[in-house]
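Letters A, B, ... mirror the listed sequences (proteins, then strands); counts begin at 1.
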2 protein chains.
Amino acid sequence: MSFPSDRHEYEQRDNRTMKLATLKAGGRDGTLVVVSRDLQHCVEVPEIAGTLQSALDNWSTTEPQLKEVYSSLNSGECAGARAFDVEACHSPLPRAYQWADGSAYINHVELVRKARGAELPPSFHTDPLMYQGGSDSFITPRDNVVASKEWGIDFEAEVTVVTDDVPFGATPEQCADKIRLIMLVNDVSLRGLIPGELAKGFGFFQSKPASAFSPVAVTPDELGDAWKDSKVHLPLQVHLNDKLFGKPQAGVDMTFDFSQLVAHVAKTRELCAGSIVGSGTVSNKQGDLFGSSIDNGGVGYCCLAEVRMYETIEQGKPKTAFMDYGDRVKIEMFDADGQSVFGSIENEVVAPS
Amino acid sequence: MSFPSDRHEYEQRDNRTMKLATLKAGGRDGTLVVVSRDLQHCVEVPEIAGTLQSALDNWSTTEPQLKEVYSSLNSGECAGARAFDVEACHSPLPRAYQWADGSAYINHVELVRKARGAELPPSFHTDPLMYQGGSDSFITPRDNVVASKEWGIDFEAEVTVVTDDVPFGATPEQCADKIRLIMLVNDVSLRGLIPGELAKGFGFFQSKPASAFSPVAVTPDELGDAWKDSKVHLPLQVHLNDKLFGKPQAGVDMTFDFSQLVAHVAKTRELCAGSIVGSGTVSNKQGDLFGSSIDNGGVGYCCLAEVRMYETIEQGKPKTAFMDYGDRVKIEMFDADGQSVFGSIENEVVAPS
């Protein structure tokens, strides 16, 4: 992201953009803060909204006020500003009324099917896959993932949006105007529990435990040119135990953009402000094997299941293991200037006590 | 439900029980009211909690205070009491952080399978079916169901519970102690969209639009002897266009009780206070055909899909149609004295505008 050199232009841009976070302190929904563009400072805004959900519930009123605070925070003129500490953050919405996760990168789905010798139904290119996730108690961006390793623990690095109210039957064009914030997510998946659950026919449930979101949520305009056609055109970076594991472009191979994903939700019901809609695991195709690792010169992956499927196609069986206790995943996105946009999600796997 | 004749015993009972509702007025989460046992009077309690979610967030503090109000309301000594108007009610939680719906009446599942000549997997008797429902914007108990009749509109009459916080990995015994409230629900289903969605493997999504809950939520003890072993031992009454359609016993043929259903949710994650967990369509087996209608002397059904499946088994094809525009469903439960416990859910189907 390039910063305008002209002060007037800079201020104009500030008036369209914003970064927000939620501190853990203050109750079940935490405390809303406005965060500076460089993630160095933040300020509480109790006179505007105490929580992010409250801000979203009254967005037409709160948005311009929050953006004024953001502008003054970036120019170093904000009273009450203090150091921004990611460790003190909860997920921007510690609990939400909706978490609907798509699977918009069809390469991810194609890879899964290919590994078991199945073809992709043609409808998968026109009708999005989506599941309803649990949203009552997300973990924080730096929390441990508590799960038994027998369950086949995997991360899934994704991009998500937060919507305003969306009416029943809204078109993709109408939905594009209802996207208020963008976040990243680690959509933790328990691969060992998925086959049994899908065989029952009711979709994922126990196989999708609590997700962790990025510390910071940003308005679409904050991304500048990187937000286009309801997609984020930046690489999503994943490290596993400090080693680069994936850096696919989130704007590439996204079969359904966010306006289409939100419209999929709205087909038979309205959405309430604060609904989170996810992209599914970001995945770039990169050739006939539907992917390639960083070590092989590719862009790598955003989940372990994909490299295991690549291995299955290439070598007949997976060799990469799922996460063990002590394994750590880090998910982050940088703009063109190398600035972390959302702060990082960093989760370590620990055994249930 | 029999009322104790002794005044002291009556007061003791009041101290254990309560009925609550949410008026639409007052914002997105409405306004909490305590409702008298006979559903004739109610009173706002802003000094205790403004909304039901807020009461549930602080249950150990709010519960005894709300029960005192309930006691004074029932004895006619409550200042500020006014007539209780069901038309003014929203669902007790107009939006919730979780709506996880089981399918605990295995007869319902067995009937579906039987109609298509499939056997029931043995695991279905030990491992509950459950899906994650949308919870961001429920309709009110008397709202219209807005849907295209091409989607195959059906009602599903069910019992639900509302939990307190439930820790990760809680046992059924521990979960039984975390059940705070009981409600009814019309879990609207779009049967025509289900086969396509289930074929995609991600479970229900567009086929499950917004649900409507009963106007009143009650504490388990309010049911007296009818709440036993984490089941409600009363008939659930369903009318379709003013004709009795079903009256199955909710305590009969419930393969998994509510403590087991909540424990199923808690296996891989904690639950936040205010989580709603549903029973699935109430269904009694009544013989080899897995059901019988009221006209045939049976207890009838809690959804149209079941009678259609019965017809398929008996006659080779369904003859009962799904809901048309103008069709009305009414769902209610009465205690042994004929008192409506939760008030009635009454929804009419209308076409999208």
Side-chain angles (χ1 to χ4, degrees), chain A residues 27-29 53 57-58 94-103 121 123-124 127-137 139 146-148 151 165 168-169 188 190 193 196-210 264-275 352-353, chain B residues 27-29 53 57-58 94-103 121 123-124 127-137 139 146-148 151 165 168-169 188 190 193 196-210 264-275 352-353:
Chain A
R28 291 174 181 267
D29 297 298
Q53 182 64 50
D57 281 347
N58 305 286
R95 53 181 181 176
Y97 294 106
Q98 175 152 247
W99 163 221
D101 198 12
S103 192
S123 69
F124 278 33
D127 180 31
L129 283 169
M130 189 170 281
Y131 79 92
Q132 194 85 46
S135 57
D136 59 307
S137 50
I139 58 175
V146 180
S148 166
W151 295 338
D165 294 312
F168 179 104
V188 181
L190 304 174
L193 303 184
E197 289 207 311
L198 296 197
K200 287 159 71 180
F202 271 39
F204 309 109
F205 196 92
Q206 292 175 331
S207 53
K208 294 285 188 179
H264 186 81
V265 184
K267 184 183 171 186
T268 59
R269 54 181 161 99
E270 62 182 40
L271 286 76
C272 153
S275 287
S353 57
Chain B
R28 290 174 182 268
D29 298 297
Q53 182 64 50
D57 282 347
N58 306 285
R95 53 181 181 176
Y97 294 105
Q98 176 154 245
W99 163 221
D101 197 12
S103 190
S123 69
F124 278 34
D127 180 32
L129 283 169
M130 188 172 282
Y131 80 93
Q132 194 85 45
S135 58
D136 59 305
S137 49
I139 58 175
V146 180
S148 165
W151 295 338
D165 294 312
F168 178 104
V188 182
L190 304 174
L193 303 184
E197 290 208 308
L198 295 197
K200 288 161 70 181
F202 271 38
F204 309 109
F205 196 92
Q206 292 175 332
S207 53
K208 292 287 185 176
H264 186 81
V265 184
K267 184 185 172 186
T268 60
R269 53 182 162 100
E270 61 183 42
L271 286 77
C272 153
S275 289
S353 58

B:Asp127 portion near chain A, given a 4.5 angstrom heavy-atom threshold =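 Contact with chain A is through both the backbone and side chain of B:Asp127.
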inquiry  = So for B:Leu271, is it side chain, backbone, both, or neither that comes closer than 4.5 Å to the heavy atoms of chain A?
reply    =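 B:Leu271 touches chain A through backbone and side-chain heavy atoms alike.
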Test ring pair (Phe, Tyr, Trp, His ring centres under 6.0 Å) applied to B:Phe204 - qualifying residues, sequence neighbours left out =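 Applying ring pair (Phe, Tyr, Trp, His ring centres under 6.0 Å) to B:Phe204 gives A:Phe202, B:Tyr131.
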Return the option, out of [options], with the maximum number of heavy-atom pairs under 4.5 Å with chain B.
options                              : answer
A:Cys272, A:Gly169, A:Gly203         : A:Cys272
A:Gln206, A:Glu197, A:Lys208         : A:Gln206
A:Arg95, A:Arg269, A:Lys267, A:Gln98 : A:Arg95

key: Closest approach of B:Phe205 to A:Val265 (non-hydrogen atoms, all atoms of both residues)   =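 Shortest heavy-atom contact: CE2-CA, 3.7 Å.
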query = Looking at A:Val146 and B:Phe168, what are the two nearest heavy atoms and their distance?
reply =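 Where A:Val146 meets B:Phe168 most closely, the heavy atoms are O-CE1, 3.5 Å.
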task = Measure from the side-chain N and O atoms of A:Lys200 to the backbone N and O of B:Met130, and report whether any donor-acceptor pair falls under 3.5 Å.
result =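 No, because the side chain of A:Lys200 does not come within donor-acceptor range (under 3.5 Å) of the backbone of B:Met130.
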inquiry  = As an exercise: rank B:Gly134, B:Ala147, B:Ala210, B:Gly201 by heavy-atom pairs under 4.5 Å with chain A and give me the winner.
reply    =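 Of the options given, most contacts go to B:Gly134.
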task = Specify which of B:Leu193, B:Leu190, B:Asp165 makes the most heavy-atom pairs with chain A at under 4.5 Å.
result =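 It is B:Asp165.
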ask   = If you round to the nearest 0.5 Å, how far is CG of A:Asn58 from CZ of B:Arg28?
value =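 B:Arg28 atom CZ to A:Asn58 atom CG measures 7.0 Å (nearest 0.5 Å).
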task = Could you pull out all residues at least two apart from A:Ser135 that satisfy side-chain contact (heavy atoms from CB on, under 4.5 Å)?
result =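 Partners of A:Ser135 under the side-chain contact (heavy atoms from CB on, under 4.5 Å) test: A:Ala96, A:Trp99, A:Phe138.
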At a 4.5 Å cut-off on heavy atoms, which part of [X] comes close to chain B: side chain, backbone, both, or neither?
X        : result
A:Pro94  : neither
A:Ser103 : side chain
A:Ala273 : both

